[in-house]
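Both ligands and their constituent atoms are indexed starting at 1 by order of listing. Only this structure's heavy atoms are used, side chains among them; waters, hydrogens and symmetry mates stay out.
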Amino acid sequence: MIRAVGLSKRYGSVDALRDFSLDVHPGEIVALVGPNGAGKTTALKLLVGLLAPTAGSVSLGGYDVQRNPVEAKRLLAFLPDQPFLYEALTVGECLGFIGGMYGLAPEVLQQRANALLQTFGLMERLNDRVGELSYGMKSRLALIMSLLHEPHAFLLDEPFFGLDPQTLRLVKRLLMECAARGMAIFLSTHQLPIVEDVAHRIVILHQGRSLAVGTWEELRRLYGGTRLEEVFFRLTSSGP
Ligand code: ATP
(Lines give C-alpha, C1' and ligand atoms only; values in the text may rest on other atoms or scores of the structure.)
Protein backbone atom coordinates (compact mmCIF):
# COMPACT_ATOMS: atom_id res chain seq x y z
CA MET A 1 0.00 0.00 0.00
CA ILE A 2 2.84 2.42 0.89
CA ARG A 3 6.01 1.96 -1.18
CA ALA A 4 9.19 4.03 -0.96
CA VAL A 5 12.03 3.24 -3.37
CA GLY A 6 15.49 4.77 -2.99
CA LEU A 7 14.07 7.87 -1.36
CA SER A 8 16.55 10.66 -0.62
CA LYS A 9 16.19 14.26 0.50
CA ARG A 10 18.95 16.82 0.68
CA TYR A 11 18.51 20.27 2.23
CA GLY A 12 21.51 22.29 1.06
CA SER A 13 24.45 20.33 2.40
CA VAL A 14 22.33 18.19 4.80
CA ASP A 15 21.37 14.67 3.71
CA ALA A 16 18.17 14.41 5.73
CA LEU A 17 17.23 11.05 4.20
CA ARG A 18 19.43 8.68 2.19
CA ASP A 19 18.29 5.83 -0.06
CA PHE A 20 15.24 4.92 2.01
CA SER A 21 13.18 1.97 0.73
CA LEU A 22 10.21 0.38 2.46
CA ASP A 23 6.90 -1.36 1.79
CA VAL A 24 4.05 -1.08 4.28
CA HIS A 25 1.40 -3.68 3.54
CA PRO A 26 -2.34 -3.51 4.23
CA GLY A 27 -2.99 -4.60 7.81
CA GLU A 28 0.51 -3.67 8.98
CA ILE A 29 1.69 -1.12 11.55
CA VAL A 30 5.27 -0.03 10.88
CA ALA A 31 6.98 2.29 13.38
CA LEU A 32 9.82 4.62 12.48
CA VAL A 33 12.14 5.43 15.39
CA GLY A 34 15.32 7.46 15.54
CA PRO A 35 17.07 10.24 17.45
CA ASN A 36 16.17 13.92 16.99
CA GLY A 37 17.18 14.99 13.50
CA ALA A 38 17.33 11.40 12.18
CA GLY A 39 15.03 12.28 9.27
CA LYS A 40 11.67 10.88 10.48
CA THR A 41 9.52 13.93 9.68
CA THR A 42 11.32 14.32 6.37
CA ALA A 43 10.53 10.67 5.52
CA LEU A 44 6.86 11.11 6.42
CA LYS A 45 6.51 14.34 4.43
CA LEU A 46 8.09 12.66 1.40
CA LEU A 47 5.76 9.68 1.74
CA VAL A 48 2.63 11.86 1.71
CA GLY A 49 3.87 14.13 -1.07
CA LEU A 50 4.35 17.28 1.04
CA LEU A 51 8.02 17.28 0.04
CA ALA A 52 9.52 16.37 -3.34
CA PRO A 53 12.42 13.90 -3.08
CA THR A 54 15.91 14.67 -4.33
CA ALA A 55 15.94 11.08 -5.61
CA GLY A 56 13.66 8.06 -5.48
CA SER A 57 9.90 7.65 -5.59
CA VAL A 58 6.84 6.96 -3.46
CA SER A 59 3.63 5.22 -4.43
CA LEU A 60 0.44 4.79 -2.45
CA GLY A 61 -1.91 2.05 -3.60
CA GLY A 62 0.04 2.04 -6.87
CA TYR A 63 -0.27 5.81 -7.46
CA ASP A 64 2.94 7.83 -7.62
CA VAL A 65 2.51 10.69 -5.08
CA GLN A 66 4.33 13.18 -7.28
CA ARG A 67 2.77 12.25 -10.63
CA ASN A 68 -0.75 11.30 -9.43
CA PRO A 69 -1.07 13.35 -6.25
CA VAL A 70 -4.87 13.55 -6.14
CA GLU A 71 -5.43 9.80 -6.58
CA ALA A 72 -2.67 9.00 -4.08
CA LYS A 73 -3.88 11.53 -1.50
CA ARG A 74 -7.46 10.26 -1.70
CA LEU A 75 -6.16 7.00 -0.22
CA LEU A 76 -4.17 8.45 2.63
CA ALA A 77 -4.47 10.37 5.85
CA PHE A 78 -1.55 12.24 7.37
CA LEU A 79 -1.50 13.36 10.98
CA PRO A 80 1.43 15.79 11.43
CA ASP A 81 3.10 16.29 14.81
CA GLN A 82 1.43 19.69 15.09
CA PRO A 83 -1.85 19.39 13.20
CA PHE A 84 -3.35 22.59 11.84
CA LEU A 85 -6.88 23.01 13.14
CA TYR A 86 -9.40 25.76 12.40
CA GLU A 87 -9.65 27.20 15.92
CA ALA A 88 -12.57 29.52 15.13
CA LEU A 89 -14.79 26.66 13.90
CA THR A 90 -16.79 24.40 16.17
CA VAL A 91 -15.95 20.70 16.35
CA GLY A 92 -19.06 19.94 14.25
CA GLU A 93 -18.13 22.57 11.64
CA CYS A 94 -14.62 21.12 11.33
CA LEU A 95 -15.98 17.65 10.70
CA GLY A 96 -18.50 19.03 8.19
CA PHE A 97 -15.70 20.83 6.36
CA ILE A 98 -13.53 17.70 6.12
CA GLY A 99 -16.51 15.56 5.08
CA GLY A 100 -17.30 18.08 2.31
CA MET A 101 -13.68 18.08 1.10
CA TYR A 102 -13.79 14.31 0.67
CA GLY A 103 -17.27 14.42 -0.89
CA LEU A 104 -18.90 12.28 1.80
CA ALA A 105 -22.70 12.05 1.65
CA PRO A 106 -24.21 13.87 4.68
CA GLU A 107 -25.66 10.67 6.18
CA VAL A 108 -22.32 8.83 5.80
CA LEU A 109 -20.49 11.76 7.38
CA GLN A 110 -22.92 11.91 10.29
CA GLN A 111 -22.75 8.19 10.95
CA ARG A 112 -18.90 8.08 10.85
CA ALA A 113 -18.52 11.32 12.82
CA ASN A 114 -20.92 10.13 15.53
CA ALA A 115 -19.11 6.80 15.92
CA LEU A 116 -15.69 8.50 16.16
CA LEU A 117 -16.94 11.27 18.49
CA GLN A 118 -18.34 8.59 20.81
CA THR A 119 -15.10 6.58 20.68
CA PHE A 120 -13.01 9.64 21.52
CA GLY A 121 -15.41 11.11 24.08
CA LEU A 122 -15.91 14.37 22.18
CA MET A 123 -19.63 14.14 21.47
CA GLU A 124 -20.52 16.65 24.17
CA ARG A 125 -18.00 19.15 22.70
CA LEU A 126 -19.64 19.12 19.25
CA ASN A 127 -20.76 22.76 19.45
CA ASP A 128 -17.64 24.10 21.19
CA ARG A 129 -15.03 26.07 19.29
CA VAL A 130 -11.83 24.15 18.55
CA GLY A 131 -9.79 26.97 20.14
CA GLU A 132 -11.48 26.19 23.48
CA LEU A 133 -10.39 22.53 23.53
CA SER A 134 -7.47 21.23 25.58
CA TYR A 135 -4.30 19.94 23.86
CA GLY A 136 -5.35 16.30 24.24
CA MET A 137 -8.86 17.02 22.97
CA LYS A 138 -7.42 18.76 19.90
CA SER A 139 -5.23 15.68 19.30
CA ARG A 140 -8.32 13.47 19.50
CA LEU A 141 -10.20 15.77 17.11
CA ALA A 142 -7.30 15.65 14.63
CA LEU A 143 -7.44 11.85 14.72
CA ILE A 144 -11.19 11.89 14.07
CA MET A 145 -10.68 14.29 11.14
CA SER A 146 -8.00 11.97 9.71
CA LEU A 147 -10.21 8.90 9.83
CA LEU A 148 -13.49 10.35 8.49
CA HIS A 149 -12.79 9.34 4.87
CA GLU A 150 -11.63 5.84 5.92
CA PRO A 151 -8.11 6.04 4.46
CA HIS A 152 -6.28 2.96 3.19
CA ALA A 153 -2.92 4.32 4.35
CA PHE A 154 -2.52 6.26 7.61
CA LEU A 155 0.73 8.11 8.31
CA LEU A 156 1.25 9.71 11.70
CA ASP A 157 4.09 11.86 13.05
CA GLU A 158 4.48 11.53 16.85
CA PRO A 159 0.83 10.61 17.50
CA PHE A 160 1.36 9.67 21.18
CA PHE A 161 2.86 12.93 22.42
CA GLY A 162 0.97 14.64 25.25
CA LEU A 163 -1.85 12.10 25.56
CA ASP A 164 -3.19 10.99 28.94
CA PRO A 165 -3.00 7.25 29.76
CA GLN A 166 -6.65 6.64 28.82
CA THR A 167 -6.34 8.40 25.47
CA LEU A 168 -3.04 6.65 24.81
CA ARG A 169 -4.69 3.28 25.33
CA LEU A 170 -7.59 4.35 23.11
CA VAL A 171 -5.27 5.47 20.30
CA LYS A 172 -3.20 2.27 20.51
CA ARG A 173 -6.37 0.15 20.32
CA LEU A 174 -7.77 2.25 17.49
CA LEU A 175 -4.60 1.86 15.42
CA MET A 176 -4.57 -1.90 16.00
CA GLU A 177 -8.26 -2.12 15.00
CA CYS A 178 -7.63 -0.03 11.87
CA ALA A 179 -4.77 -2.35 10.91
CA ALA A 180 -6.93 -5.41 11.58
CA ARG A 181 -9.45 -3.97 9.09
CA GLY A 182 -6.68 -3.74 6.45
CA MET A 183 -5.28 -0.22 6.84
CA ALA A 184 -1.53 0.26 6.27
CA ILE A 185 -0.13 2.36 9.12
CA PHE A 186 3.26 4.08 9.25
CA LEU A 187 4.07 6.19 12.29
CA SER A 188 7.06 7.90 13.82
CA THR A 189 7.52 8.11 17.56
CA HIS A 190 10.03 8.43 20.39
CA GLN A 191 7.84 6.25 22.65
CA LEU A 192 9.76 2.98 22.36
CA PRO A 193 7.63 0.93 24.81
CA ILE A 194 4.54 1.74 22.72
CA VAL A 195 6.37 0.60 19.61
CA GLU A 196 7.02 -2.78 21.28
CA ASP A 197 3.25 -3.02 21.95
CA VAL A 198 1.76 -2.00 18.61
CA ALA A 199 4.25 -2.26 15.75
CA HIS A 200 4.39 -5.28 13.46
CA ARG A 201 7.72 -4.00 12.12
CA ILE A 202 10.18 -1.36 13.28
CA VAL A 203 12.53 0.84 11.25
CA ILE A 204 15.49 2.40 13.07
CA LEU A 205 16.66 5.56 11.34
CA HIS A 206 19.86 7.40 12.19
CA GLN A 207 21.45 10.33 10.36
CA GLY A 208 19.10 9.80 7.43
CA ARG A 209 19.94 6.11 7.03
CA SER A 210 17.75 3.12 7.76
CA LEU A 211 19.96 0.99 10.05
CA ALA A 212 17.58 -1.86 10.80
CA VAL A 213 14.15 -3.06 9.74
CA GLY A 214 12.30 -5.98 11.26
CA THR A 215 9.84 -7.28 13.79
CA TRP A 216 10.67 -6.69 17.44
CA GLU A 217 11.53 -10.42 17.70
CA GLU A 218 13.90 -10.18 14.71
CA LEU A 219 15.64 -7.06 16.06
CA ARG A 220 15.96 -8.65 19.50
CA ARG A 221 17.49 -11.79 17.99
CA LEU A 222 19.88 -9.80 15.76
CA TYR A 223 21.05 -7.18 18.23
CA GLY A 224 20.26 -8.66 21.67
CA GLY A 225 18.54 -6.96 24.60
CA THR A 226 15.20 -7.27 26.29
CA ARG A 227 13.91 -3.77 25.49
CA LEU A 228 13.78 -1.89 22.22
CA GLU A 229 15.56 0.93 24.04
CA GLU A 230 18.70 -1.25 24.29
CA VAL A 231 18.69 -2.05 20.55
CA PHE A 232 18.03 1.62 19.81
CA PHE A 233 21.03 2.81 21.87
CA ARG A 234 23.26 0.09 20.47
CA LEU A 235 22.53 1.16 16.88
CA THR A 236 22.43 4.93 17.36
CA SER A 237 25.20 5.42 19.92
CA SER A 238 27.09 7.93 17.74
CA GLY A 239 24.41 10.48 18.69
CA PRO A 240 24.69 13.18 21.39
P1 ATP B 1 12.87 15.13 15.53
O2 ATP B 1 12.86 13.81 16.24
O3 ATP B 1 13.74 16.13 16.22
O4 ATP B 1 11.51 15.64 15.17
P5 ATP B 1 13.33 14.13 12.81
O6 ATP B 1 13.89 12.73 12.87
O7 ATP B 1 11.89 14.26 12.49
O8 ATP B 1 13.69 14.89 14.15
P9 ATP B 1 13.81 15.89 10.52
O10 ATP B 1 12.89 16.96 11.00
O11 ATP B 1 13.33 15.05 9.39
O12 ATP B 1 14.22 14.91 11.74
O13 ATP B 1 15.20 16.54 10.17
C14 ATP B 1 16.25 15.79 9.56
C15 ATP B 1 17.39 16.74 9.20
O16 ATP B 1 16.97 17.62 8.16
C17 ATP B 1 17.85 17.65 10.35
O18 ATP B 1 19.24 17.81 10.24
C19 ATP B 1 17.12 18.95 10.08
O20 ATP B 1 17.83 20.08 10.59
C21 ATP B 1 17.10 18.97 8.55
N22 ATP B 1 15.93 19.72 8.05
C23 ATP B 1 14.64 19.41 8.24
N24 ATP B 1 13.84 20.27 7.61
C25 ATP B 1 14.65 21.18 7.00
C26 ATP B 1 14.42 22.33 6.19
N27 ATP B 1 13.20 22.72 5.85
N28 ATP B 1 15.51 23.00 5.75
C29 ATP B 1 16.75 22.60 6.06
N30 ATP B 1 17.05 21.54 6.81
C31 ATP B 1 15.99 20.81 7.29
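D128 contributes atom CG, which lies 8.5 Å from atom OG1 of T90 (distance to the nearest 0.5 angstrom). Once rounded to the nearest 0.5 Å, the distance linking CZ of F78 with CG of L50 reads 6.0 Å.
Scanning both residues, K9 and P53, for their nearest heavy atoms gives CD-CA, 4.5 Å.
Annotation: ligand 1 has protein neighbours Y11, V14, A16, P35, N36, G37, A38, G39, K40, T41, T42, H190, each with a heavy atom less than 4.0 angstrom from the ligand.
Salt-bridge check for K138 with E87: passed, with a basic side-chain N closer than 4.0 Å to an acidic carboxylate O. The existence of a salt bridge linking E71 and R74 is excluded, since no basic side-chain nitrogen approaches an acidic carboxylate oxygen closer than 4.0 Å.
For R10, the CZ atom is densely surrounded, since the number of other residues' heavy atoms within 6.0 Å is greater than 12.
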